[in-house]
Amino acid sequence: MKRLFVIVLFLCLCLGEIQAVVCQDGRELLQRSLVGQQLPKFSIQKWVGKKTKMKGKFVLVDFWRIMGYPALRYTVPYQNDLAQKYKSHLQVVGCTCDDAVFVKWMIDPKIQYYSAIVSPWVFEEIFQIETWWPVSYLINPDGVVVWEGCVLKDMEDGRVTFALTEDMLKDFFEDYYKK
């Protein structure tokens, strides 16, 4: 099992830079937009660690697969920071259809936000995600999707930029809570 993990990780590292070009704003990875709609309901098969209490908060749901490691090495630390910095307004939940053992083995970077295992059916049928690149949805406390795409915008020439910025998050919080 460890040998398979190492092989998959090696392939991801080798192929990662090619895939990074595809994810300019993440929209081309999604079959349909959910912005302005309720997030479709889906079942969590297993929580890896504690279960989150999402009521009354924004939730950033990040769908990822271990094969997306080239992006995860940047998005996970960023999302860890967001989860910590904005914990009064935001919960981050990583959802994967990979085995829970892979989530537990991920130590670099270590996921410090909530993690859940979902069926591959959730990726393919409910959200129609047809990529191993992480795709995320920001949901307001009413359950409405306000942003979607790849959190990672670009990783070029050693610079990393994010599509979902802290300024954007603050604007979403402010717009929601002032109504």
Side-chain angles (χ1 to χ4, degrees), residues 9 12-37 39 48-49 52 54 57-98 102-103 106-116 118 122-123 127-141 143-177:
L9 188 59
C12 289
L13 291 172
C14 292
L15 297 174
E17 297 304 317
I18 296 167
Q19 186 68 12
V21 177
V22 175
C23 189
Q24 289 303 313
D25 70 357
R27 303 241 185 260
E28 66 272 11
L29 300 177
L30 305 171
Q31 296 297 313
R32 61 191 165 103
S33 177
L34 296 175
V35 172
Q37 300 175 41
L39 185 74
V48 181
T52 181
M54 297 179 262
K57 293 189 178 189
F58 278 78
V59 180
L60 179 62
V61 181
D62 181 46
F63 290 96
W64 65 276
R65 294 181 176 166
I66 196 66
M67 293 182 344
Y69 182 79
L72 296 174
R73 64 183 171 175
Y74 299 108
T75 59
V76 169
Y78 181 67
Q79 291 171 169
N80 284 340
D81 290 344
L82 294 178
Q84 183 60 38
K85 190 170 185 178
Y86 299 103
K87 62 184 168 191
S88 62
H89 297 296
L90 177 70
Q91 291 288 340
V92 179
V93 179
C95 294
T96 184
C97 58
D98 293 322
F102 288 125
V103 178
M106 263 189 57
I107 56 170
D108 187 26
K110 181 158 181 55
I111 297 173
Q112 297 170 349
Y113 45 84
Y114 298 97
S115 296
V118 297
V122 170
F123 275 69
F127 291 95
Q128 299 176 358
I129 300 170
E130 298 178 355
T131 179
W132 49 266
W133 200 257
V135 174
S136 300
Y137 298 91
L138 181 65
I139 300 105
N140 72 16
V144 176
V145 177
V146 295
W147 181 89
E148 62 188 12
C150 289
V151 170
L152 179 65
K153 182 176 183 178
D154 199 9
M155 49 186 194
E156 191 173 301
D157 300 328
R159 289 184 332 206
V160 176
T161 55
F162 297 99
L164 179 60
T165 65
E166 289 190 53
D167 287 340
M168 290 171 67
L169 272 177
K170 289 175 191 174
D171 288 345
F172 285 126
F173 298 156
E174 186 178 309
D175 290 346
Y176 180 81
Y177 292 115

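All heavy atoms count here, side chains included; hydrogens, waters and symmetry mates do not.
- The distance from the CG atom of Leu72 to the CG atom of Asp108 is 11.5 Å, given to the nearest 0.5 Å.
- Taking CZ from Phe102 and OG from Ser115, the interatomic distance works out to 14.5 Å, rounded to the nearest 0.5 Å.
- Looking at Asn80, its side chain does come within 3.5 Å of a backbone N or O of Lys110 through a donor-acceptor pair.
- Between Phe127 and Tyr137, the ring-plane angle classifies as tilted under the 30° and 60° cut-offs.
- Taken from CZ in Phe173 to CG in Asn140, the straight-line distance is 11.0 Å, to the nearest 0.5 Å.
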Practice prompt. For the pair Phe162 and Leu152, evaluate side-chain contact (heavy atoms from CB on, under 4.5 Å) and give the outcome as yes or no after the intermediate values.
Written response: CA-CA 4 Å; Phe162 297 99; Leu152 179 65; 4.1 Å; yes
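- Expressed to the nearest 0.5 Å, how far OH of Tyr86 lies from CG of Asp81 amounts to 10.0 Å.
- Here the closest heavy-atom approach between residue Cys150 and residue Ala163 is recorded as O-CB, 3.2 Å.
- Rounded to the nearest 0.5 Å, atoms CG (Leu60) and OH (Tyr113) are 8.0 Å apart.
- Annotation: side chain of Ile66 is in contact with side chain of Trp64 (closest heavy-atom distance under 4.5 Å).
- Atoms OG1 and OH, from Thr165 and Tyr78 in turn, are 6.0 Å apart once rounded to the nearest 0.5 Å.
- Ring orientation note: the planes of Phe63 and Phe123 are nearly perpendicular, at an angle over 60° on the 30°/60° scale.
- A distance below 6.0 Å separates the ring centres of Tyr177 and His89.
- Looking at Val135 and Glu148, their side chains never come closer than 4.5 Å, going by heavy atoms from C-beta outward.
- Contact between Pro70 and Met67 at its shortest, heavy atoms only, is CD-O, 3.7 Å.
- At a threshold of 4.5 Å between non-hydrogen side-chain atoms, the residues Thr52 and Val59 do not count as touching.
- For Gln91 (side chain) and Lys57 (main-chain N/O), no donor-acceptor pair under 3.5 Å exists by modelled atom type.
- Taking both residues in full, the closest heavy atoms of Cys97 and Arg65 are given as SG-NE, 3.4 Å, listed atom of the first, atom of the second, then distance.
- The shortest side-chain heavy-atom distance between Asp98 and Val103 does not fall under the 4.5 Å cut-off.
- Looking only at side-chain heavy atoms (C-beta outward), Cys95 and Val61 come within less than 4.5 Å of each other.
- By the 4.5 Å heavy-atom criterion applied to side chains, Leu169 and Leu138 are counted as neighbours.
- Nearest heavy atoms, Ser33 versus Val35: OG-N, 3.3 Å.
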